[in-house]
Amino acid sequence: MNFGATFWGPMISFALFVWFTMKFVWPPIQQALADRQKQIADGLAAGERGKQELDKAQSEVEAMLKDAREQASQIINQANKRQQEMIEEARAEARSEADRILAAAREEIDQEIQRAREDLRKEVSSVAIQASSRILKREVDAKAHKDLIDDLATQL
Amino acid sequence: MSADSEFDATDYIQHHLTNLRLDLTEGTIDSSATGFWTLHLDTVIMSFGLGALFCYVFWLAARRATPGVPGGLQNFVEAIIEFIEKTVKETFHAKSRVIAPLALTIFCWVFLSNLMDLVPIDMVPSIMTAVGVPYWKVLPSVDLNFTFGLSLSVFALIIIYSLMGKGAGGFIKEFLTHPFGIWLLPFNLVLNFVELIAKPISLSLRLFGNLYAAELIFILISLLPWWIQWVLGTPWAIFHILVVPLQAFIFMMLTVVYLAMAYENH
């Protein structure tokens, strides 16, 4: 229990330890803590920036998608229209072709009729000549009565 | 505790309360020596060793301190340092490079010293006796020299901080006139003197008293038969898990408060 010179020991040690702590312990740890604080702050800021950029990119993507969708629907519309037109064209072409074929057929028929009529006329005229010659019991000069016969044939 | 039939409880207690003394006037190891010029070797060595341990561990952490992901030791050290820094900032408002490391040193050193209270009380003295050292008190906080060594250092710092914060004139003026004004100068002088002197005395006696009582109870418990010791020893030891850091914290806190009071104007 006696108090004596011993107290110098802890006193000197104390001064030594405080000096050591001030010099070699406190500053590096404080520095590390401050640096970490800064790093975390920087990291958070970077995260915030990244988030903003992501938002921006997302809205851009949205806009681009909208654009693309519009374009796609435009293209589809055009295609539909074009299809309609092509069908229309084909239909018109077919119709004109049909008309053309019909007209050709009709012409041919007309020609056929004409020819038949001609043939018939010739037939009739010859029949008429034969008949009249038989009636007259004599040979009709086909040449002499050609005008008459022709006239008759045109009347048929 | 030995099972010797001639075992004497008083001797046993005495033995545990005696320091290893070096008589400085004669240069001999003599534990019955008294007077001012005796050196308690165990106190000096234990306190220096524990303080050096604290410095070494914290230096290890500080040397490899990185701002990146901290390891286990760094985490531990940072937790203590941040706790001390927060406590000091709340109390000592002026800027100072010394106060926080000072508080850290006091807290850790006193904590480690108090922690020696939880070392089984017969272990170290038995080992030291076996190697030929007759006395060895393992707990520096149970030596008034240790607690006064600390509190007198704090006392010196109080004076230094008073002079730094208020200047010599301001310090003397406050000392002479402070609570009651210039006309009651003698009362002010006495009051301030007592207040100033009471600080280191209360600091050191509080620490000493708490730990001395604790150590004494541990010694008394160890006088019980071995099979019953745990009934009292365990609760008392658990209680000291609280007391050990608490006393260290009180010593640190009061030091910071005293220095803040000394430095700042009222």
Side-chain angles (χ1 to χ4, degrees), chain A residues 1-69 71, chain B residues 17 19 21-22 24 33-41 43-45 47-48 50-52 54-55 58-59 61-70 74 77-78 81-82 85 97-98 100-102 104-106 108-109 113 140 143-154 156-157 204 212:
Chain A
M1 207 76 35
N2 71 348
F3 181 71
T6 310
F7 80 91
W8 287 110
M11 257 180 122
I12 295 163
S13 312
F14 186 43
L16 207 67
F17 295 147
V18 171
W19 170 79
F20 185 88
T21 310
M22 264 177 67
K23 192 100 183 151
F24 298 109
V25 174
W26 197 264
I29 302 258
Q30 285 297 324
Q31 188 61 44
L33 287 175
D35 287 355
R36 186 175 315 137
Q37 211 165 19
K38 197 174 161 298
Q39 273 184 7
I40 290 172
D42 288 355
L44 285 176
E48 193 60 36
R49 232 178 8 254
K51 217 179 116 201
Q52 277 171 4
E53 265 161 35
L54 184 70
D55 280 356
K56 222 174 82 189
Q58 224 147 24
S59 64
E60 262 171 37
V61 165
E62 209 102 319
M64 279 161 89
L65 263 175
K66 207 172 136 222
D67 253 25
R69 227 173 262 137
Q71 265 179 355
Chain B
L17 293 178
N19 287 99
R21 288 178 190 159
L22 175 68
L24 290 173
T34 51
F36 187 81
W37 293 109
T38 53
L39 191 66
H40 295 180
L41 281 176
T43 299
V44 171
I45 291 169
S47 64
F48 184 81
L50 291 168
F54 148 71
C55 284
F58 274 62
W59 174 72
R63 200 184 43 161
R64 290 196 231 114
T66 105
V69 180
Q74 196 186 338
V77 167
E78 277 176 8
I81 283 188
E82 285 194 315
E85 199 188 16
R97 280 179 50 246
V98 184
L102 177 85
L104 174 68
T105 310
I106 290 177
C108 293
W109 195 20
S113 299
D143 189 337
L144 273 177
N145 292 295
F146 173 74
T147 60
F148 266 105
L150 277 173
S151 70
L152 289 176
S153 306
V154 171
L157 284 170
S204 61
Y212 186 76

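In the text below, chain A, chain B and the rest are named by the order of the sequence lines, each starting its count at 1.
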Segment of [X] engaging chain A (4.5 angstrom heavy-atom cut-off):
X        : value
B:Thr66  : backbone
B:Trp59  : both
B:Val98  : both
B:Ala100 : both
B:Leu104 : side chain

Count the heavy-atom pairs under 4.5 Å between each of A:Thr6, A:Ile40, A:Asp35 and chain B, then report the option with the highest count.
A:Thr6

Select, from A:Pro27, A:Ala32, A:Ala15, the one with the greatest count of heavy-atom pairs under 4.5 Å involving chain B.
A:Ala32

State, to 0.1 Å, how close [X] and [Y] come at their nearest heavy-atom pair, and which atoms those are.
X        : Y        : answer
B:Pro101 : B:Thr105 : O-OG1, 2.7 Å
A:Ala5   : B:Trp37  : CB-CE3, 3.8 Å
B:Ser113 : B:Phe146 : OG-CZ, 3.5 Å
B:Thr147 : B:Leu144 : OG1-O, 3.1 Å

Which residue in the set A:Glu53, A:Gln58, A:Gln52 passes side chain to side chain contact (heavy atoms under 4.5 Å, CB included) when paired with A:Asp55?
A:Gln58

Would one find more than 12 heavy atoms of other residues, nucleotides or ligands at under 6.0 Å from atom CD of A:Gln37?
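Open: at most 12 neighbouring heavy atoms sit under 6.0 Å from CD of A:Gln37.
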
B:Phe148, B:Phe58, B:Phe48, B:Phe54: which one forms the most heavy-atom pairs within less than 4.5 Å of chain A?
B:Phe48

Under 4.5 Å from a heavy atom of chain B, the part of A:Gln30 involved:
side chain

Do you know which of A:Phe14, A:Trp26, A:Phe24 makes ring pair (Phe, Tyr, Trp, His ring centres under 6.0 Å) with A:Trp19?
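That would be A:Phe24.
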
